[in-house]
Engineer: 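Have a look at this one before I ask anything.
What you see is a predicted model, and the numbers here were worked out from it, not measured in a lab.
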Amino acid sequence: MTRGIFLAGNESALSRAIEAETVNRVEQFAAAFIPNRLSETQKSTLGENEKRLSLDWNPSSPISARTVVIAAENRLEHIDEAILICSPPSIRSSAADLPFSDVEIMLNDHVKGWFFLVKELASIFRNRGRGTLALIYQDVTSSGKDDAADILGPSAIASFRAFTNGLLAAAHNDPYLTAGFSVSDAGNDAAFAAFMYKSIDDLSKRNSGKLFKFGKFNFFK
């Protein structure tokens, strides 16, 4: 049986590294990347990938969440592993100059969207009685002066972290497997991607609900 892998998240160095590792494991995979709709939109560096089945996803819409999951299942025949990557873009602004539109976009795309998507994925995994849900977030803390100006990205990550912790705590009640991954070693994305897949390969009902921490001093915690 072909392994069905579905990736979702925004474009980032982390998601590109995970996609590169995915390419080494399957002939095709499905991916839904969050479009960058912020006021200071950066040019996409995702590039083309002949193995990627690109799917449209509007994270702010619960209907779109259902549609993208159904589309992924149709293209892959089944989803075995859903890998969700929370690495939101930075919004560097003073509170007084913060665009209202960016606040709405960050909440809709990088907070609400995960709740809608996980609900749909959990439903298909529960009905099938198997599957793996992997939730990944960057937990990089910096005391740099410039980094302190990012006033929305860390809030989105904090929401995803809390959501992940709740899902992990309830994992023993689910027929599918759930794992969380906290990445605190910025710039070592390729090593993390390999570590993540190894952890997923070794995941079982016994350690479902575990939070794996990846960093310079805790690769295998």
Side-chain angles (χ1 to χ4, degrees), residues 1-38 41-89 104-128 130-138 156-157 159-160 163-164 167 176-181 189 192-193 196-197 200:
M1 181 182 293
T2 303
R3 185 176 182 178
I5 298 178
F6 170 58
L7 307 181
N10 62 293
E11 183 184 344
S12 65
L14 183 60
S15 62
R16 288 192 293 272
I18 292 173
E19 182 176 73
E21 185 66 26
T22 305
V23 166
N24 296 330
R25 293 171 176 267
V26 292
E27 290 301 316
Q28 283 191 317
F29 62 94
F33 289 105
I34 301 172
N36 191 342
R37 302 187 293 120
L38 297 171
T41 301
Q42 298 178 353
K43 184 178 179 180
S44 174
T45 58
L46 195 59
E48 297 297 325
N49 190 316
E50 62 182 11
K51 291 188 175 183
R52 183 202 309 138
L53 302 172
S54 297
L55 304 175
D56 292 329
W57 175 35
N58 175 7
S60 65
S61 166
I63 296 175
S64 182
R66 178 169 299 178
T67 301
V68 77
V69 169
I70 292 173
E73 282 217 293
N74 288 339
R75 299 290 297 276
L76 297 171
E77 296 185 0
H78 48 82
I79 300 174
D80 297 304
E81 297 158 16
I83 300 172
L84 313 187
I85 309 154
C86 180
S87 179
E104 291 287 344
I105 290 168
M106 183 64 79
L107 289 174
N108 287 331
D109 290 3
H110 300 280
V111 177
K112 287 169 54 178
W114 295 121
F115 293 91
F116 298 146
L117 187 60
V118 167
K119 171 180 169 56
E120 297 302 329
L121 290 166
S123 294
I124 65 165
F125 287 160
R126 182 182 61 190
N127 292 338
R128 190 187 305 149
R130 63 180 177 84
T132 299
L133 178 64
L135 303 109
I136 302 161
Y137 59 89
Q138 288 196 309
I157 292 174
S159 172
F160 190 87
F163 187 34
T164 297
L167 293 170
Y176 54 89
L177 305 178
T178 305
F181 293 88
D189 301 310
F192 167 74
M196 178 208 68
Y197 268 116
I200 290 177

Engineer: Name all residues meeting the side chain to side chain donor-acceptor pair (under 3.5 Å) criterion together with Asn108; count only those two or more places apart in sequence or in a different chain, and write none if there are none.
Structural biologist: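 Applying side chain to side chain donor-acceptor pair (under 3.5 Å) to Asn108 gives Lys112.
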Engineer: Quick one: pull up CG in Leu76 and CD in Glu81 and give me the separation to the nearest 0.5 Å.
Structural biologist: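 Answer for the CG-CD pair, Leu76 versus Glu81, is 11.0 Å.
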Engineer: Please check: side-chain N/O of Lys51 versus main-chain N/O of Phe29, any donor-acceptor pairing under 3.5 Å?
Structural biologist: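 A pair under 3.5 Å: no.
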Engineer: Side chains of Val68 and Phe116: closer than 4.5 Å at any heavy-atom pair?
Structural biologist: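 A side-chain contact under 4.5 Å is absent here.
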Engineer: For Pro88, enumerate each residue passing the side chain to side chain contact (heavy atoms under 4.5 Å, CB included) test, keeping only those at least two apart in sequence or located in another chain.
Structural biologist: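 Applying side chain to side chain contact (heavy atoms under 4.5 Å, CB included) to Pro88 gives Cys86, Met106, His110, Ala156, Ile157.
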Engineer: When rounded to the nearest 0.5 angstrom, what is the spacing between CD in Glu19 and CZ in Arg52?
Structural biologist: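 CZ of Arg52 is found 4.0 Å from CD of Glu19.
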Engineer: To the closest 0.5 Å, what do you measure between CD1 (Ile5) and CG (Leu53)?
Structural biologist: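 With rounding to 0.5 Å, CD1 (Ile5) is 12.0 Å from CG (Leu53).
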Engineer: List the steps, then state whether side-chain contact (heavy atoms from CB on, under 4.5 Å) holds for Leu135 with Thr178.
Structural biologist: CA-CA 8 Å; Leu135 303 109; Thr178 305; 3.9 Å; yes
Engineer: Hey, is the main chain of Ile79 close enough, under 3.5 Å, to the side chain of Arg128 for a donor-acceptor pair?
Structural biologist: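 The answer is yes, because a donor-acceptor pair under 3.5 Å joins these two groups.
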Engineer: Can you spot which of Thr164, Leu121, Ile83, Leu177 makes a side-chain contact (heavy atoms from CB on, under 4.5 Å) with Leu133?
Structural biologist: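 That would be Leu121; it is the only one of Thr164, Leu121, Ile83, Leu177 passing the side-chain contact (heavy atoms from CB on, under 4.5 Å) with Leu133.
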Engineer: Atom CZ of Phe125 and atom CG of Asp80: how far apart are they, to the nearest 0.5 Å?
Structural biologist: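 The CG atom of Asp80 is 7.5 Å from CZ of Phe125, to the nearest 0.5 Å.
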Engineer: Treating Asn10 as the side-chain partner and Ser87 as the backbone partner, does any N or O pair qualify as donor plus acceptor under 3.5 Å?
Structural biologist: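 Yes.
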Engineer: Supply the atom-to-atom distance Met196 CE to Ile85 CD1, rounded to the nearest 0.5 angstrom.
Structural biologist: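 It comes to 7.5 Å.
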